Amino acid sequence: MKAHHGMYIGGEWRPAAGADTIEVVNPVDEQVIGRVPAGTSADVGHAVRAARAALPGWAATPPTERAEKLAALRDVLVARKEEIAETVTAELGSPLPFSQAVHAGVPILVAGSYAELAATYAFEEKVGNSTVYHEPVGVVGAITPWNYPLHQIVAKVAPALAAGCTVVLKPAEDTPLTAQLFAEAVAEADLPAGVFNLVTGLGPVAGQALAEHPDVDLVSFTGSTTVGRRIGGTAGAAVKRVALELGGKSANVILPSADLAKAVNVGVANVMSNSGQTCSAWTRMLVHTSQYEEAVGLAAAAAAKYGDRIGPVVSAKQRSRVRSCIEKGIVEGARLVVGGPESPREQGYFISPTVFADVTPDMTIAQEEIFGPVLSIIRYEDEEEAVRIANGTVYGLAGAVWAAEEAEAVAFARRLDTGQVDINGGRFNPLAPFGGYKQSGVGRELGSHGLTEYLQTKSLQF
Ligand code: NAP
Ligand code: MG
């Protein structure tokens, strides 16, 4: 994938308004692999105008035709799957097989699901003596993070387009090449000019300009709680719609009846995957006191097996952030059983898979999102305490429950203040609503719930 020097606006690559660029760095060898333009508020202005101009035509396009365009987009993602995987690996550092299966594979599923939903969703319904129309919200400003570069884009753009909205995307500065590749795919799928626009750039400049733009009707943001809070405030002051997918500190609750080895092994794999840079990762493992030391031993062995095969974290900044969290865990008295703050390699932003035992619920590593390959194992005495600990953070994004009988796990899961829970290692479902309780966010992504975020209702009475 060769970097573009311009912005994708109004169906073409246009020169950026300013001359500043962003260097894209490969986290494995720290080499610069490309440069993209650092957008300004002028670029954002051009892109929003293009999206506004395209809105009436796209909103009036019958949903079945929008579905065909989304299916064409899905087909391009399929055809360019290998290039997508290689691009994500180059700028995020994830091992290629993971990029192929997840970073390239999941967006294909999600784009396909919205091609189908656009064709089948009831955009019109009868309620008593009313007809209710589900109409597009308008111009969407999408701001995405680097951790799942293409998934985060498709999880916003596909439902927005299915709904009849038009989009301006500001992707993460660390992974802009994947976003440019997505813009190429949009062009190749022959979507009408202006329905999707891309402005690369820095968060506090291009991102903020997009979030504050008066002609954006809905801001959809995924990233840190700090930035999300600010974007929510800006949207609130302007009385515009906002969707926020923020952080998580999810609990993996292993009940005493569970298959302990399986629960621990799947739990460790979940945290280490993508080098721990997953907002829904089960970073707190809750184990009954009677099985605690056995679980710690199993987790230590499972984590040690990964070595540096998990890949680096995305940037030097992220590595130092994760390291300082690990150091804080040690200082606060948690027992380091594997890993630690030292880098396992001379070059690249690698962090060793790290497991802490004797973590108490109030420690920083049990409360704050680390976003690195770090697992905290917490002890509970009884089910009531497990519920209290699991719910004892400001977050509520995801979680897992393990028990011998599904019914026991379900009963426990119903007591969790969290948006998504996997029962005994349940499989990923691209149609299941994803999003947080509490400070993990506002709104839902994926499936029909994700689609309704981009719709507003109009009712006519007869
Ligand atoms: P972030 O700063 O919140 O970045 C997310 C997106 O928002 C990026 O596109 C970013 O641009 C943009 N942005 C930053 N400041 C902005 C502002 N003032 N106005 C508008 N947009 C702005 O997150 P990060 O720095 O990449 O990661 C920090 C932490 O956030 C992580 O350690 C992790 O805890 C959490 N995080 C959560 C998720 C999730 O999926 N929930 C994903 C990634 C990170 P830039 O790329 O230029 O910063
Ligand atoms: Mg940032």
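Since we're looking at a predicted model, the values are computed, not measured. Order of listing sets the numbers, starting from 1, for every ligand and every atom in it.
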Any Lys/Arg nitrogen of E453 or R241 sitting under 4.0 Å from an Asp/Glu carboxylate oxygen of the other?
no
Report yes or no: is the cationic atom of R319 (NZ for Lys, CZ for Arg) closer than 6.0 Å to the six-membered ring centre of Y349, at no more than 45° off its axis?
no
So if I count the atoms of ligand 1 from 1 in the order they appear, which ones are less than 4.0 Å from some heavy atom of A172?
9 (O), 46 (O)
I'd like to know if D217 pairs up with R52 as an ion pair, taking the criterion as any Lys NZ or Arg NE/NH1/NH2 lying under 4.0 Å from an Asp or Glu carboxylate oxygen.
yes
Do S343 and R323 get their side chains close enough for a donor-acceptor pair, meaning under 3.5 Å?
yes
In terms of atom number and element, which parts of ligand 1 are under 4.0 angstrom from non-hydrogen atoms of T222?
5 (C), 39 (C), 40 (O)
Identify, by atom number and element, the atoms of ligand 1 in contact range of E245, meaning under 4.0 Å from any of its heavy atoms.
41 (N)
Mind checking whether L73 and K69 have side chains closer than 4.5 Å, heavy atoms only?
no
Gap separating the CZ atom of F356 from the OG1 atom of T283, nearest 0.5 angstrom:
12.5 Å
Mark the output for P171 as yes if a heavy-atom distance to ligand 1 is under 4.0 Å, and as no if none is.
yes
Below the 3.5 angstrom mark, is there an N/O of V227, backbone or side chain, next to an N/O of ligand 1?
no
Please name the residue in the list T87, T89, N274 that meets the side chain to side chain donor-acceptor pair (under 3.5 Å) test with S99.
T89
Of all the heavy atoms in Q152, does at least one lie under 4.0 Å from an atom in ligand 1?
yes
Could you tell me, atom by atom, which parts of ligand 1 come under 4.0 Å of a heavy atom of N147?
40 (O), 42 (C)
Near Q208 (heavy-atom distance under 4.0 Å), the atoms of ligand 1 are 18 (N), 19 (N), 20 (C)
Less than 3.5 Å apart, any donor N or O on the side chain of T178 or E91 sitting next to an acceptor on the other?
yes
Which of the numbered atoms in ligand 1 are under 4.0 angstrom from any heavy atom belonging to L202?
47 (O)
Where on I231 is there a heavy atom closer than 4.0 Å to ligand 1, on the side chain, on the backbone, on both, or on neither?
side chain
Nearest non-hydrogen atom to atom 39 (C) of ligand 1 belongs to which of A206, C279, S440?
C279
Judged on heavy-atom distance to atom 47 (O) of ligand 1, which of E173, R230, E369 sits nearest?
E173
E369 bridged to K249 by N-O distance under 4.0 Å:
no
Report the part of A211 in contact with ligand 1, treating N, CA, C, O as backbone and CB onward as side chain, heavy atoms under 4.0 Å; options are side chain, backbone, both, neither.
neither
Parallel, tilted or perpendicular: which fits the ring planes of Y148 and H103, with parallel below 30° and perpendicular above 60°?
tilted
Check: K170 N/O within less than 3.5 Å of ligand 1 N/O
yes
Test log, rule side-chain hydrogen bond (donor to acceptor under 3.5 Å, both in side chains), inputs E342 and S352
CA-CA 8 Å; E342 301 79 27; S352 295; over 6 Å; no
Where ligand 1 meets G207 - atom numbers and elements under 4.0 angstrom, heavy-atom basis:
19 (N), 20 (C), 21 (N)
Under 3.5 Å, N or O to N or O, is P145 touching ligand 1 that way?
no
Ligand 1-proximal atoms of T144, by part, heavy-atom distance under 4.0 Å
backbone
Between N252 and W402, is a side-chain hydrogen bond (donor to acceptor under 3.5 Å, both in side chains) present by the stated rule, with each step listed?
CA-CA 8 Å; N252 177 13; W402 302 79; 2.8 Å; yes
Does ligand 1 have a heavy atom under 4.0 Å from the side chain of Q318, from its backbone, from both, or from neither?
side chain
Check contact between F221 and ligand 1, using heavy atoms of the residue and a distance below 4.0 angstrom.
yes
